[in-house]
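Scroll down for the structure; my scribbles are underneath it.
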Amino acid sequence: MTPTDENVTTAPATRWDEVRATLSLAGPMVMTMVAVILMETVDTLMIGRLGEEALAAAALALTTWFVPLLFGIGLLGAVSSLAAQAVGRDDHRGVRRSARQGLWAGLMLGAPSALALTQAEHLLIWLGQVPEIAHAAQEYLNWMGLALLVIFLNIPLRLTMASYGVTRPAMLIVWAGVPLNALFNWIFMFGGLGGPVMGLEGAGVATMLVDLLIFIGVAAYITRHPRFAHLQLFRNFWRADWPRFRRLMVVGLPAGAIGVMEHGLFAAAAIMMGWVSITQLAAHMVATQIVSITFMIPFGLGQASNIRIGLAAGARDLGAIRLGARTQIEITVIFMTACAILYWTLGAPLVGLFLSPDDPDRAAIIQYGAVFLAIAAIFQVFDGVQVVGGGILRGMNDTFVPMLYAIFGYWAVGVTGAYWLCFELGLEGAGIWYGLIGGLGVCGVGVILRIWQQTRTAKLAFSRVD
């Protein structure tokens with residue numbers, strides 16, 4: 001059969017079969033992302049004990065750091081798409097080619113990103129941030145840049161394993177880093193076990209060490225376990241494979257741009273929040289951290305959707321693509337609605353968990369943070385749908401048009417709307433968060449329409465698949 005033969009639309013699975021398969025793959029991937037965000041949450045909780053200024057500096061540092069991080073996650077996510085498609089057509093050499101070029105891309109992106117982050121202080125001051133806060137953020141970023149390079153080498157390995165449905169080992173390795181992260185924070189931030197008292201900078205040291213240990217664990221597993229020994233990922237690693245590298249870039253660069261566009265919306269929100277007040281910036285930091293925790297569910301589900309759809313695309317099974325897309329969107333809507341209810345009802349207590357009891361601005365930060373979470377409840381469904389929908393489209397190598405949606409939605413609608421509501425209408429921080437609703441809403445609707453368009457025929461669905 002050819003890719004345009006409509007007989008390939010017959011799906012062998014029922015809806016419940018797809019639910020089980022998706023959740024079985026997504027569960028460990030979600031838990032891996034939960035472990036990652038839990039480490040960030042522990043960082044935030046412990047940084048909060050250093051005071052409001054340290055919390056504000058961490059907010060600026062992480063906002064800056066997430067720009068190259070999310071670009072790299074999007075770009076390197078193409079490894080997942082291409083490897084899953086290769087697995088779907090039983091092409092193990094194609095898996096190896098994709099994984100190796102993913103490691104090449106990780107090195108080529110990670111090294112200059114780490115170098116650029118050493119100059120972030122100048123950018124933050126230019127953007128109007130308080131010099132003392134910007135300097136503290138820079139001390140944190142000097143170590144976080146090194147962690148970024150390690151993360152970019154880890155991602156292709158984890159996604160290669162996941163393309164074969166192997167996700168639990170990476171999950172267990174990352175979860176082992178959670179207590180280590182807390183221990184290293186205690187040692188390097190507060191001088192535990194006789195370590196240096198480095199404050200916020202110590203949190204960066206701890207993150208870098210934990211990410212390095214995680215990479216060593218994942219690399220050891222994928223090179224030594226019999227399931228992956230045939231891939232020989234590091235044999236002749238220095239040999240270029242430019243056709244596969246270009247293919248990785250064609251799929252990955254727009255996906256990376258989407259990540260930057262979305263984070264750019266939240267980064268712009270943090271910058272504008274800094275113009276409003278340090279107290280509202282601290283509340284924004286806490287509220288964003290809470291939202292990030294629940295966002296890891298659709299984020300992990302989006303990675304699983306990428307693989308599920310990639311496998312179906314590699315096998316030229318349009319029926320499986322349609323069934324998978326419907327099922328994954330439905331799961332997302334149900335979960336994000338539950339999160340919205342949580343934010344509406346428990347916003348203030350959740351914010352309070354991140355603050356020191358003796359913080360003189362505790363009450364004000366909780367008040368602002370609860371308002372931000374109530375607004376976040378409104379955009380939860382849109383946010384979840386756009387990230388899972390993006391994973392579905394990446395599984396078909398469709399990333400360029402979604403990138404255009406992101407540029408328009410996140411920036412033309414989201415950033416512009418946030419500025420207008422905050423400063424022109426005088427809604428301050430709440431106006432910024434209302435602007436987020438517009439940006440995420442446009443992108444969520446756009447992604448759904450694109451999925452519907454691309455899955456109408458096999459010719460459209462497989463037009464970008466090798």
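- In this structure, the side chain of E139 does not engage the main chain of L200 through any donor-acceptor pair within 3.5 Å.
- A distance-only check finds no donor-acceptor pair linking the side chain of E262 to the backbone of G259 [under 3.5 Å].
- Between the CE atom of M396 and the OG atom of S81 there is a distance of 10.5 Å, given to the nearest 0.5 Å.
- With hydrogens and angles ignored, the 3.5 Å screen pairs no side-chain donor or acceptor of Q280 with any backbone N or O of V276.
- Using modelled atom types, no side-chain atom of T22 and backbone atom of V19 make a donor-acceptor pair closer than 3.5 Å.
- Distance alone, capped at 3.5 Å, places no donor-acceptor pair between the T327 side chain and the G324 backbone.
- Rounded to the nearest 0.5 angstrom, Y140 OH and L60 CG are separated by 12.0 Å.
- A donor-acceptor pair is defined here as one N or O able to donate and one able to accept, closer than 3.5 Å; such a pair exists between the side chain of T294 and the backbone of V291.
- Taking CD1 of I307 as the start and CD of Q85 as the end, the distance is 11.5 Å to the nearest 0.5 Å.
- Side-chain polar atoms of R244 and S98 form a donor-acceptor pair below 3.5 angstrom.
- Aromatic pair W242/W104: centroids less than 6.0 angstrom apart.
- Rounding to the nearest 0.5 angstrom, the gap separating the CG atom in L159 from the OG1 atom in T167 is 11.5 Å.
- No side-chain donor-acceptor contact under 3.5 Å links D361 to the backbone of A364.
- Judged by distance alone, with hydrogens and angles left aside, the side-chain atoms of Q138 form a donor-acceptor pair with the main-chain N or O of A120 at under 3.5 Å.
- Closest non-hydrogen pair, V250 versus T399, comes out as O-OG1, 3.9 Å.
- We find the CG-CG distance between L421 and L427 to be 6.0 Å, quoted to the nearest 0.5 Å.
- Here R394 contributes atom CZ and Q303 contributes atom CD; the two are 8.0 Å apart, rounded to the nearest 0.5 Å.
- Between E18 and R326, no side-chain nitrogen of the basic residue sits less than 4.0 Å from a carboxylate oxygen of the acidic one, so the salt-bridge criterion is not met.
- Side chain of R456 to main chain of Q453: a donor-acceptor pair is present (N/O by atom type, distance under 3.5 Å, no hydrogens or angles).
- In the model, Q386 has a side-chain atom that pairs as donor or acceptor with a side-chain atom of D383 under 3.5 Å.
- In this structure, the side chain of R362 engages the main chain of L355 through a donor-acceptor pair within 3.5 Å.
- For N154 and D211, the side-chain atoms include no donor-acceptor pair closer than 3.5 Å.
- Taking the six-membered ring for Trp and thresholds of 30 and 60 degrees, F188 and F184 have ring planes more than 60 degrees apart, a perpendicular arrangement.
- Aromatic ring orientation, F295 versus F299: tilted (interplanar angle from 30° to 60°).
- Residue A312 comes nearest to I321 through the heavy atom pair CB-CG1, 3.6 Å, listed as atom of the first residue, atom of the second, then distance.
- The one candidate from W275, F354, F266, W433 that meets the ring pair (Phe, Tyr, Trp, His ring centres under 6.0 Å) condition with H284 is W433.
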